[in-house]
Amino acid sequence: MAEAKRYYVTTPIYYVNDAPHIGHAYTTLACDALARFMRLDGYDVHFLTGTDEHGQKVEKSAKAAGVDPQAFTDKVSQNFRDLAKAMNYSNDDFIRTTEERHKKACQEIWRRLKDRGEIYLGSYAGWYAVRDEAYYGEDELTVGPNGKKIAPSGAEVEWVEEPSYFFKLSEWGDKLLAFYDANPDFIAPESRRNEVISFVKSGLKDLSISRTTFNWGVQVPDDPDHIMYVWLDALTNYITAVGFPDDQSAMYKKFWPADLHMVGKDILRFHAIYWPAFLMAADLEPPRRVFAHGWWTNEGQKISKSLGNVIAPLHLVEKYGLDQTRYFLLREIPFGNDGDFSHRAMVQRMNSDLANGIGNLAQRSLSMINKNCDAAVPQPGDFNEADERLINAAEEALPKVRDFIREQGFHKALETIWQVIGEADRYVDEQAPWALRKTDPARMNTVLYVLAETIRRLGLLLQPFMPQSAERLLDQLVLSPEARTFAAYGRDHALKPGTALPKPEGVFPRFVEPEAAS
RNA sequence: GGCAGCGUAGCUCAGUGGUAGAGCAGGGGAAUCAUAAUCCCUUGGUCGGGGGUUCAAAUCCCUCCGCUGCUACCA
């Protein structure tokens with residue numbers, strides 16, 4: 001059965017207590033490239049990001065700042081909207097857990113779980129460290145000199161008990177395993193999938209899903225003493241945004257289940273275990289896929305606030321350029337692995353791949369057209385074998401890139417595009433249009449036409465990754481907006497000979513080290 | 001500790017039974033259209049150590065060494 005061409009992709013909602021860093025930028029960037037690709041490929045895309053604004057930490061931070069929590073979150077969530085704008089993300093919606101629509105959705109999913117007998121009232125007890133605001137397991141504790149129990153962090157813990165509602169997660173282990181088995185692509189990469197499965201196989205405990213010790217959260221229906229605990233609240237955002245609780249709405253029917261939840265590896269468990277369990281328990285469909293990507297290090301060092309080596313995305317954009325940063329993050333490491341950000345590697349990518357690669361190819365080709373073809377798309381003659389080879393290589397790149405994008409292989413997609421660039425450079429050298437200028441101008445025209453066509457396709461392919469630069473590249477070929485989708489990728493949408501072209505300008509500057517002060 | 005995985009050229013990684021690969025870095029050459037960019041050739045590896053299975057092992061098995069991830073309620 002033919003399903004409508006729609007694609008729903010989400011980032012996690014980011015906890016507003018953190019300042020936006022490279023991790024946030026990276027997750028959303030991957031989703032953005034995916035969303036842009038799917039749109040160009042004819043899909044109706046819904047790309048969601050947002051902020052998680054509830055919880056004890058937010059409540060405390062607001063208090064410390066002397067404002068009420070809502071005013072506090074209004075302010076800090078703006079940082080994430082600013083980031084989205086600065087990184088040129090194309091999200092269709094930005095959800096905040098403090099919105100009315102979301103509270104309604106949370107309370108409704110709670111009611112459904114309650115009605116189906118998936119929630120019961122119990123009490124949550126454990127060793128709690130006030131300083132860390134966290135519970136610890138018995139086996140993590142050590143005994144301090146004064147005989148008190150000490151958390152791994154060094155904080156003293158005390159035994160506390162509070163009433164709490166529980167979700168019967170323990171009853172969902174087998175159903176989850178059956179679900180993973182029936183949906184082998186549900187968790188990626190493969191190694192993460194294995195971890196999740198082994199975790200579930202080791203047995204699941206019921207999950208505490210309410211708290212009474214603070215107020216900043218969604219109230220539990222019919223029990224005002226409790227607020228809903230983070231994960232049920234946070235995860236529900238994914239269905240809130242497509243119209244839940246109105247699960248008969250056009251929006252919900254069209255976009256749920258989500259095609260992909262992109263997450264960092266640290267929150268995989270919540271997305272791959274709790275979330276499908278919540279949904280199945282509420283008789284809703286689980287999402288289709290969760291991808292857990294890796295973390296960045298900075299010049300080989302683990303990034304941490306205490307080391308003071310946090311990477312601010314805006315700083316990178318300012319220093320290297322927006323599209324250069326986007327390109328680096330998606331190209332440098334196999335998506336899913338951890339990766340290292342270093343100035344050296346960044347400059348390498350920026351100069352070798354961008355300036356010397358696509359930048360130089362476009363500039364050398366378009367300059368020759370500008371100077372030797374009356375600044376218009378040249379009239380080609382018949383294609384010879386070499387021409388066909390390059391045209392075909394470019395033609396075949398789209399389906400290859402598509403396959404890689406569908407499995408979130410961003411680095412492979414870019415590598416595929418760069419193979420075409422390499423072939424085009426070899427083609428220029430072999431054909432030597434600068435020599436043909438005198439010996440065989442008609443053949444020169446054909447060669448330059450083939451190059452322009454190749455650049456057209458490269459520009460189209462680069463749009464999801466480097467939207468602004470690709471746009472400038474395509475502007476230099478005077479492509480109409482309709483001619484910029486993948487529907488216009490083929491030969492039947494080839495450049496029209498005679499089309500006047502502007503004087504080309506470099507799109508990818510090289511990075512030049514500032515001279516050391518002497 | 002338990003479970004899982006990894007260790008291949010200076011760097012990042014591909015290669016899962018049949019003559020060791022790519023990109024970048026290094027060396028040499030060509031070309032001069034282009035952001036001194038490009039193209040060609042090339043140096044470089046006892047595929048972590050040892051043992052075994054096989055006509056044949058980076059690839060399968062055993063063992064040792066080193067590294068990483070997961071091992072539940074801060075998000």
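Chain identifiers are assigned alphabetically (A, B, ...) following the order of the sequence lines, protein sequences preceding nucleic acid strands; residue numbering begins at 1 within each chain. The figures that follow rest on heavy atoms only: side chains count, while hydrogens, waters and symmetry mates do not.
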Please give the nucleotide sitting opposite [N] as a Watson-Crick or G-U wobble pair, both distances under 3.5 Å, or none.
N: A37(B); answer: none
N: G5(B); answer: C67(B)
N: U54(B); answer: none
N: C74(B); answer: none
N: U46(B); answer: none
N: A14(B); answer: none

Determine the Euclidean distance between corresponding [atom1] atoms of [M] and [N]; express it in Å to zero decimal places.
N: G27(B); M: U43(B); atom1: P; value: 15 Å
N: U12(B); M: A25(B); atom1: P; value: 15 Å
N: G28(B); M: U35(B); atom1: P; value: 26 Å
N: G17(B); M: G7(B); atom1: P; value: 16 Å
N: G21(B); M: G15(B); atom1: P; value: 16 Å
N: A30(B); M: G50(B); atom1: C1'; value: 49 Å
N: A22(B); M: A75(B); atom1: P; value: 49 Å
N: C47(B); M: C40(B); atom1: P; value: 30 Å

Do any pairs count as a salt bridge (Lys or Arg N to Asp or Glu O under 4.0 Å) and have a residue in [range], sequence neighbours left out, and if so which ones?
range: residues 334-344 of chain A; result: Lys265(A)-Asp338(A)
range: residues 159-172 of chain A; result: Glu162(A)-Arg211(A)
range: residues 361-378 of chain A; result: Arg364(A)-Asp425(A), Arg364(A)-Asp429(A)

Inset, instruction - Among Tyr120(A), Trp110(A), Tyr229(A), find the one that has a ring-ring contact (aromatic ring centres under 6.0 Å, His included) with Tyr165(A). - result: Trp110(A)
Inset, instruction - For this output row, return yes or no: ring centroids of Trp418(A) and Tyr327(A) closer than 6.0 angstrom. - result: yes
Inset, instruction - Answer yes if the ring centres of Trp231(A) and Phe270(A) are under 6.0 angstrom apart, and no otherwise. - result: yes
Give a yes-or-no answer on whether the side chains of [X] and [Y] include a donor-acceptor pair shorter than 3.5 Å.
X: Asn17(A); Y: Ser61(A); answer: yes
X: Asp225(A); Y: Thr212(A); answer: no
X: Ser164(A); Y: Ser208(A); answer: yes

Legend entry - Along RNA chain B (nearest heavy atom to each residue), the more 5'-positioned of Ile209(A) and Lys371(A): Lys371(A)
Inset, instruction - Please examine the side chains of Pro433(A) and Val428(A), heavy atoms only from C-beta on, and report whether any two atoms are closer than 4.5 Å. - result: yes
Legend entry - Heavy-atom check, side chain of Cys373(A) versus side chain of Leu448(A), under 4.5 Å: yes
Counting side-chain heavy atoms from CB outward, which of [options] is closest to [X]?
X: Glu195(A); options: C70(B), A75(B), A72(B); result: C70(B)
X: Trp434(A); options: C70(B), A75(B), C33(B); result: C33(B)
X: Tyr15(A); options: G69(B), A75(B), C33(B); result: A75(B)
X: Tyr124(A); options: C73(B), C33(B), C74(B); result: C73(B)

Would you classify [X] as touching base, sugar-phosphate or nothing, given that sugar-phosphate means primed atoms plus P, OP1 and OP2, and contacts are heavy atoms under 4.0 Å?
X: Ser198(A); answer: nothing
X: Arg192(A); answer: sugar-phosphate
X: Gly294(A); answer: nothing
X: Phe508(A); answer: base
X: Asn372(A); answer: nothing
X: Val507(A); answer: base
X: Tyr14(A); answer: nothing

Inset, instruction - Please name the residue in the list Leu48(A), Thr28(A), Val263(A) that meets the side-chain contact (heavy atoms from CB on, under 4.5 Å) test with Thr10(A). - result: Leu48(A)
Inset, instruction - Apply the side-chain contact (heavy atoms from CB on, under 4.5 Å) test between Met466(A) and each candidate in Thr325(A), Leu322(A), Leu354(A), Leu330(A); give the one that qualifies. - result: Leu354(A)
Legend entry - Residues Arg192(A), Glu195(A): salt bridge by 4.0 Å N-O rule: yes
Legend entry - Electrostatic pair Glu453(A)-Arg457(A), nearest N-O below 4.0 angstrom: yes
Protein-nucleotide distance ([X], atom [atom1]; [N], atom [atom2]), rounded to Å:
X: Ile187(A); N: A4(B); atom1: CD1; atom2: C1'; answer: 14 Å
X: Leu204(A); N: A72(B); atom1: CG; atom2: P; answer: 12 Å
X: Glu505(A); N: U35(B); atom1: CD; atom2: P; answer: 12 Å
X: Arg349(A); N: A25(B); atom1: CZ; atom2: P; answer: 11 Å
X: Met444(A); N: C33(B); atom1: CE; atom2: P; answer: 13 Å
X: Glu190(A); N: U68(B); atom1: CD; atom2: P; answer: 23 Å
X: Ile267(A); N: C73(B); atom1: CD1; atom2: P; answer: 16 Å
X: Asn351(A); N: A36(B); atom1: CG; atom2: P; answer: 11 Å

Show each protein N/O and nucleotides 20-22 of chain B N/O combination with a separation under 3.5 Å, one pair to a line.
none

Report all interatomic pairs (protein N or O, nucleotide N or O of nucleotides 11-15 of chain B) with separations under 3.5 Å.
none

Under 3.5 Å, which N/O atoms of the protein pair with N/O atoms of nucleotides 37-43 of chain B?
| unit_1 | atom_1 | unit_2 | atom_2 | d |
| --- | --- | --- | --- | --- |
| A37(B) | OP1 | Arg510(A) | NH1 | 3.3 |
| A37(B) | OP1 | Arg510(A) | NH2 | 3.4 |
| A37(B) | O5' | Arg510(A) | NH2 | 3.3 |
| A37(B) | O2' | Asn356(A) | O | 3.4 |
| A37(B) | O2' | Asn360(A) | OD1 | 2.7 |
| A37(B) | O2' | Asn360(A) | ND2 | 3.1 |
| U38(B) | O2' | Arg364(A) | NH1 | 3.2 |
| U38(B) | O2' | Asp429(A) | OD1 | 3.0 |
| C39(B) | O4' | Asp429(A) | OD2 | 3.0 |

